[in-house]
Structures are given as C-alpha cells and as structure tokens.
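Contents: one structure, followed by commentary.
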Protein chains: 2
Amino acid sequence: MDVLVPFSTADPKSRLSDVLDADERAAFSRAMLADVIEAVRGTGEAPTVLATAPVEVGAPVVVDDRSLSTAVNAALDGAIGRADDTSHRDHDDAGADRDRDDAVAVVMADLALATPTALGRLFDADGDVAIAAGRGGGTNALVVRHPGFRVDYHGASYVDHLRIAAAAGASVREVDSHRLATDVDEASDLAEVLVHGDGEAAGWLRSAGFALDAGDGRVGVVRE
Amino acid sequence: MDVLVPFSTADPKSRLSDVLDADERAAFSRAMLADVIEAVRGTGEAPTVLATAPVEVGAPVVVDDRSLSTAVNAALDGAIGRADDTSHRDHDDAGADRDRDDAVAVVMADLALATPTALGRLFDADGDVAIAAGRGGGTNALVVRHPGFRVDYHGASYVDHLRIAAAAGASVREVDSHRLATDVDEASDLAEVLVHGDGEAAGWLRSAGFALDAGDGRVGVVRE
C-alpha cells in the first residue's frame, strides 16, 4: 500500500493564529506530522510525505506545489493505474478479501490523534474506497482501490467523495473513528489533543503552556 | 444488558438557542432521542429512558429529577449490584468473553449520528468499562460491568472516568467512534447531522430549513 501524507509548508495551520504565532504553528504542524508518520509506521506501512516544498521529516518526501486535490490525483494516476495484475481490477469481486498492496491511502498530516489501531481499521476496510470523515464534512483519510475514483477536497469533500465514488461505480466503506475525524485546525481542537494525544503534538502543546480548561460544556484550553 | 438513555426535559439544548427557539429545541431534542432509541433497538437491546420528568417517547421511562450523575449512579447501584451469578464478578477474567447481560450501558440522548453498528461496537467491547468519548473531553456513551465504577459527568468526564476506573481496578476499553463522539450541543454540530444523519433529527433540521453551507474550512449550516 502506498500511504501518502500531504503536508503544506506555506503558513500552516493559519486558523490557529489567534493562539499560536507563525513559528509556533510551523513547529506544531511538524509535531503533528511526526505523530502521523509514526502512527502509519505502526500499521506496518511506510508513509511518503507529499509536500508543497522540500522538508526534512524523517520520511521520504515527494514535492508537488500544486493544489492538494491536484497533487493527490496525480499520485493516484501514477499508482492506481500501474498495476500489472489485472485480476485486482475486477470490481465485481466486492466480497473478496482486499489486498493492502493494491491500494493508495491518503492520510492528512494534522491527525494528531491517529493511532496504528485507528489507521489499521481504515487500511483493512473493505470497499473500493474507504473513507474516514473529518468533522465539518471533510475527508481526513481514505483508501482508494478503484481506478475511476479521484479526490476533490474543496468544500464538503466527504459528501462529494460519496458522489464521485457512486459515479465511478466504486463501493464505499465508512470508517467511523473519532481519532481520524479529528483534524486539528482550530483552537477548540487543541483540547482533543490534550485529552487523547500522547505523542509529539501533545507534548509540544504542554511544553508551550497549554492545559485543559474545564468550564461549562465542552472542555477548552488555556495557555499559562 | 440494561441500556439507559438519560434525557432532560428542562430547557433542552440551551446552547442551540441562537439558532432554535425553545419549542424548536424541545422538538429537535425529541427527534434526536427517537433516533437514539431506534439505534439502540437496532442492536437488539431495549432502551429505558431515564428522564427528569414524565415524557411520552415510545419506550419505557424511569423518572429521576436528580442530577445526571446522581441519577445514573442510582441506576448503576440497582443494576450492577443485583446479579445473583457471582461468577461474573470475578474481574481477573479480563480475557474472557463478556456477556452483554452482565452490563449497564448509558447512552446520551443527543447522539443523533448513532447507528446500530456504532453502538454494537460499544456494547460488545471488552473491558470492565467501555467508553466512547465525546468531543471536548466528554463521555457520550459507556458500558459498565464493574461494581466499583460510578460516573461523574461534570467537567472533562472522559479523563475523570479513566481515573475512576483505575482507582476501582477496572479495565477500560476506548471505543473510537466519530458517530458516538458527536453529541449535538452547538450550531456547528448541526452540520454533522446534515452530513451523516438519516433519521428523525436530520429530517427535522431539513424541514426547519437548515442546509449545509460550504465555505472555507469546515462546513457549517444556514437556515433558509
């Protein structure tokens, strides 16, 4: 299985700018990327970072400065179309066991709660396309085995991806995971990292003085 | 398995008051409760609604007007302590199959995305305590099999419940589900219902004029 982790080096995590300055956002986004790389490796797979510019991350990096959807689709073009074993291209065998080798996974770099268990559920899910939704209608991680499926990350991409799969005749399996649904974009998301995370991103936040703030309703964060 | 669904009839969903008036919040909360009852029944279990006042909901209702934690703990006192088969009280058998009959589940009434599949993963999870976290450090659903465990829903209850379980010597299994993590409290949560829900709550929102609003970042809702 090819596992791609798209990563933008340009002004990362801009929606955290009210709680983190630019250097801090860069460092925090790198910590989250390190956690995602580690979680992917914990499944037995070797991730490739698909970055908008060269970056040192302790994993192979492919640089593509085009938009997220364009870069991911170019990678899908190269990978899904290349198989020489056409028996895996018979999409009538929906009930058969799927082989991880015959797939491309795309896992967002800001899934600071990702674990090998959560990613393993995605990687081993049936379906021509397996999707872990993100909060707010996004698509945080997916596995593609169907040559007719391409991504479109703009807007409510989860709903769009269901439509694209249906149009391509590709079966879809939803992977229901809070850990994979939690991309870290906004200040309120930091509480999730402090509650559930135990990797570099959670450590970085604690070192930067963030702590849980239990008021009424959902728990937020304070910076000391 | 006893499955309790706590439901407050007093000013429900107050944090939705900027988008729904009091009558609408009451109707919407009843639609979500109906969806939760249906999802529990889909697992083969028969839910009991633990309500703060008498209410007609198409399921058995037990009225307890005390606080959520007090009412749930009273129910746990009655259920977990009552078994006459003491063999199930040996908590050294962590590897053994657990019997649903020997457990109490507590499922919040505002889990509008709950499905039989998601709840079944919780009900069948190993552990003296199985917990589905809610966003913001909450506890949206749990299964209790250990007589020493009691709930405390105040504040960051997920973290507190881990501590309470550890203090009681109870093993804990995390159930990682976006559907169970999504309690519907705030306007932004309505987008999750429109994206992923297909029950009464989603239908109620659509009838009330709500639709997805895809802007930058996460998808929100608009009311037409």
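Below, read A as the first sequence line, B as the second, and so on, with proteins coming before strands; counting in each chain starts at 1. This one's a predicted model, so the numbers in the text were calculated from it and none came from an experiment. Just so it is clear, the values below take in all heavy atoms, side chains as well, and ignore hydrogens, waters and symmetry mates.
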*For A:R179 and B:H178, run side chain to side chain contact (heavy atoms under 4.5 Å, CB included): C-alpha distance rounded to whole Å, both residues' side-chain angles, the deciding distance at 0.1 Å, then the answer.*
CA-CA 8 Å; A:R179 290 182 173 276; B:H178 176 55; over 6 Å; no

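A distance-only check finds no donor-acceptor pair linking the side chain of A:D176 to the backbone of B:S177 [under 3.5 Å].
Annotation for B:G155 and A:V219: closest pair C-CG2, 4.2 Å, computed over non-hydrogen atoms.
In A:E24, the CD atom is crowded: over 12 heavy atoms of neighbouring residues, nucleotides or ligands sit closer than 6.0 Å.
Close approach to chain A, defined as a heavy atom under 4.5 Å from one of its heavy atoms, is seen in B:A181, B:D183, B:D185, B:E186, B:D189, B:E192, B:V195, B:H196 of residues 181-203 of chain B, taken by number.
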